Amino acid sequence: MKQYTYKININGVVQGVGFRPFIYTLASKFDFKGSVSNGSSGVEIYINATYDQLKQFLSEINNNKPSLSQIDNITYNKVDNQLFDDFSIKKSDDSGEKTVKIPPDLYVCKECQAELFDPDNRRFNYPFITCTQCGVRYTIIKKLPYDREFTSMSSFKMCETCEAEYNDPTNRRYHAQPIGCFDCGPKLSWFENNIWHKNDKEHVNLIDYAINAIKSGKIVAIKGVGGYHLVCDATNDSAVKTLRVRKNRPSKPFAIMTNDIDIAKNLANISPLEESLLTSPQRPIVLLKTLPEISKKISSLVAPKLNTIGIFLPYTPLHLLIMNKLNRPLVATSANISDEPLCTNLESLKKLENVYDAILDHDREIVNGCDDSVVMVVKDKTVMLRRARGYAPISIKLPFALKKNILAFGANQKNTIAIGFGNDVVLSPHIGDLGNIESVNYLASNVKTFNELYDFKPDIVLHDFHPQYESTKFAQENYNNTQGVWHHHAHILSVVIEHKLKLPVLGVAFDGTGYGEDNTLWGGEFLVCNKNGFERVLSFEPFLLLGGEKAIKEPRRVALSILFDIYGKKAMDLNNDVILAFTKNELESFYTMHEKKINSPQTSSMGRLFDAIASITNVCQFITFEGESGMQLEELFDENIKEYYEFDIVDKKIKIDKIIKSILKEKDKKVAVSKFFRTIVEIIKFAQRDYKDMPLVVSGGVFQNRVLLSLLIEEFPNIYFAQQIPPNDGGIALGQIAIMMESN
Ligand code: ZN
Ligand code: ZN
Ligand code: FE
């Protein structure tokens, strides 16, 4: 049979995952001559082979590809015949369109772990051990293709031994870009009492410093993969309390890191799916139901008042070395000032110098900051709440081709951005809340990173219609070709894309607030989304947020406003917890505020309605972190209570007065809360009656509520909800790009 020269292109996650050595070994097995190289659009292979051999080769690639790789597409074509001396791995070609997927940062693999704890290995106790199957990726990449010279490893010159491994196609560190050792790689340093300790070889020593500091109740900033953590001993009440006071974080739960899955199982109820998430190479924070015994094992200040806790397992060799010796759960929270981006270098960390007592640092630069990912499992389904380290950036295939390059700026909270080109959308990791200059700068740097990584220039720039969103302002100030997208429309379309649904759909968008078409704040919306946009077919009757932003922190204000709507001034004479939460003077001035609509925007938000219920049932009158009232209501839900409250619908508005009046009469708050949850389900059931032929899609931050989501999954087995893309505003950027499907 005649041999030809074939050129094979493979797209997907094929760089930084050991793909070229795999191809090299496979080609040797076939006795092929030719070459393999990384290009901007994936891996490029040339072989001289017969057609049958080619087919066999391709099927072996598909069947035996490296475990971390992901093949989206293999194409091949005959090219002019070429002669090769052997089969070789060629230098990367970085011309051409950049479509290769950037590999995420992953947990230490088994082989590297074995070496890490093997006293005879030259990388015994080396906190930066890595290979082609594990370690840092996205957070160290400056540009594509993924080669050492384009990463923050470029400043470390490999020693001879490392270089030999790096250049040996049969070695499992062949072209492992972050490769290093005690002699040549990144090094730890320790800062305490104003003194920096650096030592070249004895890293273990510095790790011991950290362990001793943690054991003695100190707060240590530890540099991780995408940023710093603030850590302290989770079993030490006073250490956790100190962290809360210094970070000015009175009650928002802290995540904890445990040595291993067995210790995690002593603290929380863990299903097989939750276990597989905890132990996956992505190592996210998994939100879990705590066991009653937890209060004896860790400080009750870690997650006060709540039965849920976020747990994650060590994900770097450094964490492993620390946790193995420390042998107790660690509070590990992102090092940042609230609403500011994660600290990724010493300069930004300095702002927290009143919080930490010491720093365990290292000298490998974090190029792209990346927070910990957060997931939960509801009814045996994974729901991604924050998509970041280990998962990001994610590339999503669109069911249609974009005619132009699109950049989408997302929302203002839990911001992410997205770029779209051809059939692909790449969604950035969690950028965070855009409340101040630092976070807007961080947004700008993410935009720059994405443009550079993908050699991307947008033709159209999309933003939320909210005129006050920093993301909107940034888009409008920096680009000409901008276009607005409605917030709740984007929420629904993000799920439409994730599940590859066809329009039209009935979308239920429940969230905190988003800007609506009538210039009021929406958030309890039923939208039929079709090729022409959307129609608001039903929504909650709006109420006022007394004092605007302030009402978001004070559920009592929302409840009071609704009571004024129902009872007028007489509400002040009611004997209930809402009224009791105010002084007489406050009631008078809020009444005037309500009457004259002073600084009191109108909203139909479901998130705020949850707040009102939390206030009326006296579960919480003030909140200290977003979503607090909803979480506390979850705890009160009793599944044995099956009743719901009557409600009226008038002129496409769901009236809330009947529901509120019924709740006011309820003696037991468990009953009130449980019936309220059931009422929401009934309302969705009612709304769906006229749209039975359309897929039912729910999206928005309110669907992070486990109770509500579980009830809906039970009631509507075919419901579509956000799983891989966050249901909260982290999914908005993807949903914005999705509006392009309408014009397609
Ligand atoms: Zn490894
Ligand atoms: Zn070395
Ligand atoms: Fe939203």
Side-chain angles (χ1 to χ4, degrees), residues 16-18 66-68 103 105-117 121-123 126 128-137 148 153 156-167 171-174 176-187 200-201 281 315-317 320 410-416 433 464-466 469 471 485-495 507-516 521-525 527 552 603-608 626-627 698-704 722 725-736:
V17 291
S67 55
L68 297 179
D105 308 277
L106 297 176
Y107 174 57
V108 208
C109 74
K110 281 218 168 68
E111 281 94 340
C112 286
Q113 268 186 70
E115 290 185 10
L116 181 66
F117 293 110
N121 192 281
R122 71 187 193 92
R123 290 192 181 87
Y126 181 57
F128 306 97
I129 190 167
T130 177
C131 72
T132 53
Q133 298 305 298
C134 71
V136 288
R137 298 289 186 274
R148 187 166 169 116
M153 288 302 294
F156 299 93
K157 194 180 171 343
M158 275 183 266
C159 68
E160 268 177 30
T161 323
C162 283
E163 193 160 15
E165 291 175 320
Y166 184 86
N167 287 323
N171 191 291
R172 63 185 194 85
R173 295 203 167 84
Y174 176 75
Q177 310 305 349
I179 188 181
C181 69
F182 283 112
D183 292 329
C184 69
K187 290 172 178 53
D200 286 343
K201 283 226 163 184
Y315 57 82
T316 68
L320 278 177
N412 211 54
Q413 279 189 304
K414 300 182 174 62
N415 179 269
T416 56
D433 295 350
D464 196 283
F465 263 117
H466 199 307
Y469 275 7
S471 49
V485 181
W486 296 108
H487 188 88
H488 300 94
H489 191 201
H491 264 312
I492 299 303
L493 291 189
S494 68
V495 178
V508 183
F510 288 171
D511 65 358
T513 44
Y515 200 70
L521 298 171
W522 290 13
E525 316 304 317
L527 311 175
I552 293 172
T603 187
S604 52
S605 159
M606 178 55 86
R608 297 292 82 81
E626 197 211 336
V698 298
S699 183
V702 167
F703 296 101
Q704 299 175 106
I725 307 300
N728 55 49
D729 285 2
I732 291 286
L734 173 67
Q736 289 172 343

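The structure presented is a predicted model; accordingly, all values stated were derived computationally and were not measured. One-based numbering, in listed order, for ligands and for the atoms of each.
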_Pairwise distance CD1(Ile732) to OG(Ser471) - rounded to 0.5 angstrom_ =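 Output value for this atom pair is 10.0 Å.
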*asked:* I need the Ile129 CD1 to Thr316 OG1 distance, nearest 0.5 Å.
replied: 12.0 Å
*Start with the C-alpha gap between Arg173 and Glu163, add the side-chain angles, then the distance that decides, and say whether salt bridge (Lys or Arg N to Asp or Glu O under 4.0 Å) holds.*
CA-CA 10 Å; Arg173 295 203 167 84; Glu163 193 160 15; over 6 Å; no
*Could you grab the protein N, O or S atoms closer than 2.8 Å to the Zn ion (ligand 1) for me?*
Cys109 SG, Cys112 SG, Cys131 SG, Cys134 SG
*Assign the ring pair Trp486 / Tyr515 to parallel, tilted or perpendicular, where the plane angle (0 to 90°) is split at 30° and 60°.*
parallel
*Taking the inter-plane angle between the rings of Phe182 and Tyr126 on a 0 to 90° scale, is it parallel (under 30°), tilted (30 to 60°) or perpendicular (over 60°)?*
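If you compare the ring of Phe182 with that of Tyr126, the planes turn out perpendicular.
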*Scan side-chain atoms only and decide if His491 and Asp729 contain a donor-acceptor pair under the 3.5 Å cut-off.*
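Yes.
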*Gln113, CD atom: more than 12 neighbouring heavy atoms under 6.0 Å*: yes
*Could you tell me which residues satisfy side chain to side chain donor-acceptor pair (under 3.5 Å) with Arg123, sequence neighbours excluded, listed by chain and number?*
Glu165
*What's the shortest heavy-atom distance between Leu527 and Trp522, and which atoms?*
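Closest heavy-atom pair between Leu527 and Trp522: CD2-CZ3, 4.2 Å.
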*asked:* If I compare all heavy atoms of Ser494 with all of Gly731, which pair ends up nearest, and what's the gap?
replied: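 So the two residues come closest at CB-O, 3.4 Å.
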*Around the Zn ion (ligand 2), how many protein N, O or S atoms are closer than 2.8 Å?*
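My tally for this metal is 4.
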*Given Phe703 and Phe510, is the ring-ring contact (aromatic ring centres under 6.0 Å, His included) satisfied, shown in steps?*
CA-CA 7 Å; Phe703 296 101; Phe510 288 171; 5.4 Å; yes
*For the Fe ion (ligand 3), which protein N/O/S atoms are closer than 2.8 Å?*
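Result, waters dropped: His487 NE2, His491 NE2, Asp511 OD2, Asp729 OD1.
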*Kindly determine whether Lys414 and Asp433 satisfy side chain to side chain contact (heavy atoms under 4.5 Å, CB included), including the steps that lead there.*
CA-CA 5 Å; Lys414 300 182 174 62; Asp433 295 350; 4.1 Å; yes
_SB check Glu115 Lys110 (cutoff 4.0 Å)_ =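 Not counted as a salt bridge, because no side-chain N and carboxylate O are separated by less than 4.0 Å.
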